[in-house]
Structure formats: C-alpha cells, structure tokens
Amino acid sequence: LKKSLLVCGLLISNLSAATISKESCIKKGDNFIFAGNECIEYKKFSGEKAESLNIIVHGTWKEGTDTLARYAPFAEDIAMQTEITTVAVALPGYSGSSTNKFTALSHNSNESLGAKKEYVEFLGELVGALKAKFGAKKVTYIGHSAGCMMGATLTGLKPDLINNIVCAGGVYDIKKEKPKLKNHISIVDVLDKVNKNTKFVLVYGTADDISKPQTTIDFYNLAKSKGFDVKLVEAKDAPHIDLDMTSEAKDAIVDLVSE
C-alpha cells in the first residue's frame with residue numbers, strides 16, 4: 001500500500017476527522033449515513049435498475065485524505081455503465097467521515113486494521129445500512145487493496161449480505177502475509193462459511209508489487225477448488241494504484257452485473 005501513500009498528497013482534505021454523533025450526522029444531509037457508530041460520508045450516483053446497488057470501498061490512504069475526490073468520478077462512471085445506483089464510501093478518518101470508534105486505515109497504532117474482525121463487522125453494518133437505505137436486494141461490492149481484503153472477509157462473516165464481489169489487488173491470507181498478526185482475520189479463515197451463490201471476480205495487475213499477482217492467483221485456485229463461482233482477471237502492466245479503475249476491472253464489473 002506504500003505507493004498509494006506516496007501519491008495521495010494532492011488528495012488531502014482540509015476536513016479533520018472528528019467525533020460525530022448520530023444526531024449531528026443526520027443533520028449533515030443525504031450524503032452521510034450513521035452505521036456501526038460512525039458517521040460515513042458517501043457519494044451516490046443513481047441508476048435505472050431497481051433493487052440493485054454497487055458499493056465501492058477504497059483501500060489505505062494517508063489519514064485525512066479526501067478519498068471521495070478520487071472515487072466519486074469512478075462511481076459515476078460505473079453507475080453510467082451498469083445503469084445501477086452506485087455508492088462510493090469514505091471509511092472512518094477519510095473525507096468527512098468520523099473517527100468515533102475507528103481510526104483511518106493508515107493510523108500507526110493499528111497495523112492492518114482492515115484485517116481486524118471488529119472492523120470487518122463495522123463494514124458489514126455499513127453495507128447493511130446502505131442496502132436498506134436504497135432498498136437493494138442485490139449488492140455488488142467493489143473493493144481495492146484493503147477494501148478488497150475486508151469485503152472478501154465479509155462474505156464469510158455475513159454470508160447473505162453481498163451477492164457479487166469484485167476484488168482488486170487484495171490480500172486473502174493475512175497470516176501468510178504477516179505471520180505475527182495471529183489475531184487478525186481474512187477470507188481464508190471463513191471461506192467455508194461463504195454462500196456458494198456468491199460470485200467473485202479477482203483482479204490482479206501484472207506490475208503490482210504490493211499485492212503480487214501470485215497472491216490473487218493462489219486464492220483463485222483455492223476458491224475454484226472449493227466450488228466457488230470465481231473469475232480471474234489480469235490487468236496487463238497495471239500497478240497497484242487505481243487497479244480497480246483499469247479498463248479490465250471496469251469491463252469485469254459490467255459483465256458481472258449483467259449476468
């Protein structure tokens with residue numbers, strides 16, 4: 001995730017993360033939602049297809065980064081291409097979102113925060129709240145880097161919450177990547193609980209030196225061996241940053257929701 005941190009200087013928001021109550025969150029308007037004791041800012045772009053929702057979740061950036069400045073145009077593009085309402089969220093500590101319970105993913109005191117069970121459970125509450133707010137029966141989760149890792153784990157912790165998941169540049173076995181993190185969790189720990197109807201698209205970049213291609217290929221082979229509906233997508237010469245925004249990834253998203 002280091003490359004993401006190097007390029008985020010232009011995206012630093014003037015907004016400082018803060019404690020925001022539920023009452024204050026409601027007063028902030030339609031671009032905020034209170035879930036899991038956090039006030040989360042999001043950007044929504046409407047689509048014509050009813051009862052479906054795309055949710056885009058970013059990875060690790062420097063604390064205070066205005067991630068929505070980067071992800072709103074992507075969400076708008078996906079909404080137009082899929083004709084499905086698409087929401088890009090700012091996790092705690094980013095854009096105008098609170099830090100009531102959780103720090104930003106990059107905070108020094110929380111190594112691999114996105115691999116902690118309580119954070120993934122919070123993400124589940126956020127996805128569930130958005131699903132209810134927009135009356136969705138079918139959710140496609142689109143995650144990059146840490147956002148991918150958390151979303152994949154969530155499919156095992158809450159098997160009926162997400163229908164489709166597009167994972168770009170993720171980690172699927174945190175204990176293999178970082179053996180000292182014995183109390184952390186990733187999808188390999190809950191894979192046997194994932195609903196077999198869940199569809200996976202796994203995207204890797206051949207020039208990604210943060211989430212190396214073999215990491216994704218190994219998980220693809222594991223998921224395939226267990227009978228999951230999983231597709232592997234190669235983005236040639238793509239590095240880690242913006243891997244979810246490559247033409248290969250976007251084409252895979254469109255194909256997935258069209259099935």
Side-chain angles (χ1 to χ4, degrees), residues 1-5 7-8 11 35-36 38 40-43 53-63 65-75 78 86-95 97 102-107 110 112-128 130 139-158 161-162 164-172 174 177 184-187 198 200-205 208 210-211 215-216 219 233 235 238-246 249-250 252-253 256:
L1 307 177
K2 293 179 181 177
K3 284 189 176 179
S4 295
L5 298 177
V7 299
C8 70
L11 296 174
E38 296 286 359
I40 298 299
E41 186 178 11
Y42 65 89
K43 296 293 184 184
L53 181 67
N54 300 324
I55 300 176
I56 299 175
V57 181
H58 63 81
T60 301
W61 292 84
K62 186 175 179 180
E63 186 172 14
T65 298
D66 186 4
T67 53
L68 290 178
R70 190 178 196 91
Y71 274 89
F74 177 47
I78 294 300
T86 301
V87 173
V89 302
L91 295 172
Y94 299 100
S95 296
S97 295
F102 296 105
T103 66
L105 292 171
S106 61
H107 199 277
N110 285 308
S112 297
L113 179 59
K116 289 188 174 182
K117 186 178 180 181
E118 57 266 32
Y119 196 97
V120 181
E121 289 174 337
F122 150 72
L123 179 64
E125 291 188 50
L126 174 58
V127 171
L130 289 168
V139 170
T140 297
Y141 179 105
I142 302 161
H144 176 250
S145 197
C148 160
M149 176 177 67
M150 295 183 289
T153 307
L154 185 58
T155 64
L157 287 183
K158 295 193 174 183
L161 186 62
I162 294 170
N164 305 318
I165 180 166
V166 180
C167 253
V171 170
Y172 305 94
I174 191 66
E177 299 290 326
H184 289 55
I185 188 172
S186 48
I187 188 172
T198 306
F200 289 82
V201 173
L202 310 177
V203 184
Y204 70 91
D208 189 342
I210 295 172
S211 176
T215 298
T216 300
F219 178 68
V233 175
H240 188 71
I241 190 167
D242 294 343
L243 180 58
D244 49 341
M245 302 181 191
T246 59
K250 289 192 285 188
I253 293 167
L256 178 62

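Residues: numbered from 1 along the sequence shown. All values derive from a computational prediction rather than experimental measurement.
With contacts defined as side-chain heavy-atom distances shorter than 4.5 Å, the pair Thr216/Val203 does not qualify. Side-chain contact between His240 and His144 is present, with heavy atoms from C-beta onward closer than 4.5 Å. When side chains are defined from C-beta on, Thr67 does not count as touching Arg70, because their heavy atoms never get closer than 4.5 Å. With a 4.5 Å cut-off on side-chain heavy atoms, Leu123 and Phe102 do not count as touching. Asp242 places none of its side-chain heavy atoms less than 4.5 Å from the side chain of Phe74. Here the side chains of Thr215 and Asp208 are not in contact, with every heavy-atom distance at 4.5 Å or above.
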Carefully, step by step, assess Ile187 and Phe200 under the rule side-chain contact (heavy atoms from CB on, under 4.5 Å). CA-CA 12 Å; Ile187 188 172; Phe200 289 82; 3.9 Å; yes
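Listed for the Tyr94 side chain is no donor-acceptor partner under 3.5 Å among the backbone atoms of Glu41. Between the Ser211 side chain and the Gly170 main chain, a donor and an acceptor come within less than 3.5 Å of each other. Judged by distance alone, the side chain of Ser95 and the main-chain N or O of Leu68 form a donor-acceptor pair under 3.5 Å. Under the 3.5 Å distance criterion, the side-chain polar atoms of Glu177 are left unmatched by any main-chain donor or acceptor of Val171. Of the possible donor and acceptor atoms, none in the side chain of Thr60 sits under 3.5 Å from a partner among the backbone N and O of Leu105.
Distance CG/Leu113 to OG1/Thr103: 5.0 Å, rounded to 0.5 Å. For the atom pair SG of Cys148 and CD1 of Ile165, the computed distance is 6.0 Å after rounding to the nearest 0.5 Å. Remark: Asn54 CG to Thr140 OG1 distance equals 5.0 Å, nearest 0.5 Å. A distance of 6.0 Å separates CZ of Phe122 from CG of Leu91, quoted to the nearest 0.5 Å. Here OG of Ser112 is found 11.0 Å from CE of Met150. Values are rounded to the nearest 0.5 Å. Atom CD of Glu63 is separated from atom OG of Ser106 by 5.5 Å, given to the nearest 0.5 angstrom.
Of all the heavy atoms in Val201 and Ala252, the pair that sits closest is CG1-CB, 3.8 Å. Here the shortest heavy-atom pairing between Leu157 and Ile185 reads CD2-CD1, 4.2 Å. Contact detail for Lys250 and Met245: the closest heavy-atom pair is CE-O, 3.4 Å. Between Gly128 and Leu161, the shortest heavy-atom contact is CA-CD1, 3.9 Å. Scanning all heavy atoms of the two residues, the minimum distance from Thr153 to Ser186 falls at OG1-CA, 3.2 Å. In terms of heavy-atom proximity, Leu243 sits nearest to Ala238 at CD1-CB, 3.8 Å.
Ring geometry, Tyr172 versus Phe219: the interplanar angle falls under 30°, so the pair is classed parallel (tilted spans 30 to 60°). Aromatic ring pairs are classed by plane angle as parallel below 30°, tilted from 30° to 60° and perpendicular above 60°; the pair His58 and Tyr71 is tilted.
Take Lys43 and apply the salt bridge (Lys or Arg N to Asp or Glu O under 4.0 Å) test, not counting sequence neighbours, and it matches no residue.
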